[in-house]
Enquirer: 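Got a structure for you, questions after.
Atoms considered below: every heavy atom in the structure, side chains included; atoms not considered: hydrogens, waters and symmetry mates. Atoms within each ligand, like the ligands themselves, are counted from 1 in listed order.
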Amino acid sequence: MRTPIIAGNWKLNNTISEAVALTTELKGLVTDCTGVEIIVAPTFTALHAVSGVLKGSNIHLAAQDVYWEDSGAFTGEVSAPMLKDVGCDYVIIGHSERRQYFGETNESVNQKVKAALSHDLKPIICVGEQLEDREAGRTETVIEDHITGGIADLSDAQLLSSVVAYEPVWAIGTGKTATPAQAQEVHSLIRKLLTDAYSDEVASQTRIQYGGSVKPENAAELMAQPDVDGALVGGASLQAESFAEIVKSAL
Ligand code: PEP
């Protein structure tokens, strides 16, 4: 009932020509993939060129961040209408690297989510605990805090246009993947939080991706879990072949 969703977060990688080459190769590899939503998130500078390559394909474009104001004196920021204008359908919001290095908070995440939704951009809302939280038994508290803060005041329809990405911080870029059981445990907690805040019907239709060292070798097992609806992929999305293999393991 929930269409699997696989997103590649390219982070701070690729010049425009490298991004175009990666997109062109990927497009050829996934052209027959139906029944799965495919997304790539290049840097801001490559969005326009990648958008051109993606026209008419089955791959959606995402940005890696957005600002909550539409325009004005906010040097260095990029707004939701600008991302729509360049062809984005999705935007990643609240990635742990933004929380860790750029002062992103639940409040700013929530403002960005609302700005994205008001311009018909679908937010991929990232949540996840640090290693010390997990070791201290605080995983549930952190996830509840990120979820309730990030989705505060969203309507049923707005939540249904959003995607949640569970990304344990200790698994991002470390090669340490959560076990399928660990991922499922937190995904089912997130679905329960959504059920409590909305309804069973809304929660059961909301997609929850797993992210954290997803590779072709572990993607199928993770996505076989009942509450894991896809993957947010960093490192392995920088190679067209490995990302395409992950996409295919969702079919
Ligand atoms: C990410 O950036 O969201 C991520 C999960 O990275 P990696 O796959 O490299 O761990």
Enquirer: Starting from atom 3 (O) of ligand 1, which protein heavy atom do you reach first, and at what distance in Å?
Expert: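 It is Glu167 OE2, 2.6 Å.
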Enquirer: Distance under 4.0 Å to a non-hydrogen atom of Gly212: what atoms of ligand 1 satisfy this?
Expert: 5 (C), 10 (O)
Enquirer: Below 4.0 angstrom from a heavy atom of Ser213, which ligand 1 atoms are there? Numbered from 1 as shown, please.
Expert: 7 (P), 8 (O), 10 (O)
Enquirer: Check the side chains of Gln182 and Tyr210 for a donor-acceptor pair under 3.5 angstrom, ignoring hydrogens and angles.
Expert: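 The criterion, which ignores hydrogens and geometry beyond distance, is not satisfied for Gln182 and Tyr210.
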Enquirer: Could you verify whether a donor N or O on one side chain and an acceptor N or O on the other, from Gln205 and Tyr198, lie under 3.5 Å apart?
Expert: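 No donor-acceptor contact under 3.5 Å links the two side chains.
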Enquirer: For Ala171, take its heavy atoms, then give the atoms of ligand 1 lying under 4.0 Å from any of them.
Expert: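 Those qualifying, in numeric order: 10 (O).
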Enquirer: Working to the nearest 0.5 Å, report the span between CG of Leu83 and CG of Asp120.
Expert: 12.5 Å
Enquirer: Side chains of His60 and Asp89: do they bring a donor and an acceptor to under 3.5 Å?
Expert: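 Distance-only check passes for His60 and Asp89.
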Enquirer: May I ask which of Gln64, Lys176, His95 has a heavy atom nearer to atom 1 (C) of ligand 1 than the others do?
Expert: His95
Enquirer: Taking Asp229 first and then Arg191, would you say they form a salt bridge - that is, a charged N and a carboxylate O separated by under 4.0 Å?
Expert: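 So Asp229 pairs with Arg191 through a salt bridge.
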Enquirer: Which protein heavy atom lies closest to atom 8 (O) of ligand 1, and at what distance to 0.1 Å?
Expert: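 The answer is Gly234 N, 2.8 Å.
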Enquirer: Distance only, no hydrogens: is a donor on one side chain within 3.5 Å (strictly under) of an acceptor on the other, for Glu129 and Trp170?
Expert: yes
Enquirer: Of the protein's non-hydrogen atoms, which lies at the shortest distance from atom 9 (O) of ligand 1, and what is that distance?
Expert: Gly235 N, 2.8 Å
Enquirer: Select one of side chain, backbone, both or neither to describe which atoms of Asn9 lie under 4.0 Å from any atom of ligand 1, heavy atoms only.
Expert: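 The side chain, only.
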Enquirer: Less than 3.5 Å apart, any donor N or O on the side chain of Ser108 or Glu104 sitting next to an acceptor on the other?
Expert: yes
Enquirer: Among Gly173, Ser96, Ala165, whose heavy atom sits nearest atom 10 (O) of ligand 1?
Expert: Gly173
Enquirer: State whether the shortest distance between N or O atoms of Leu232 and N or O atoms of ligand 1 falls below 3.5 angstrom.
Expert: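 No, no N or O pair falls under 3.5 Å.
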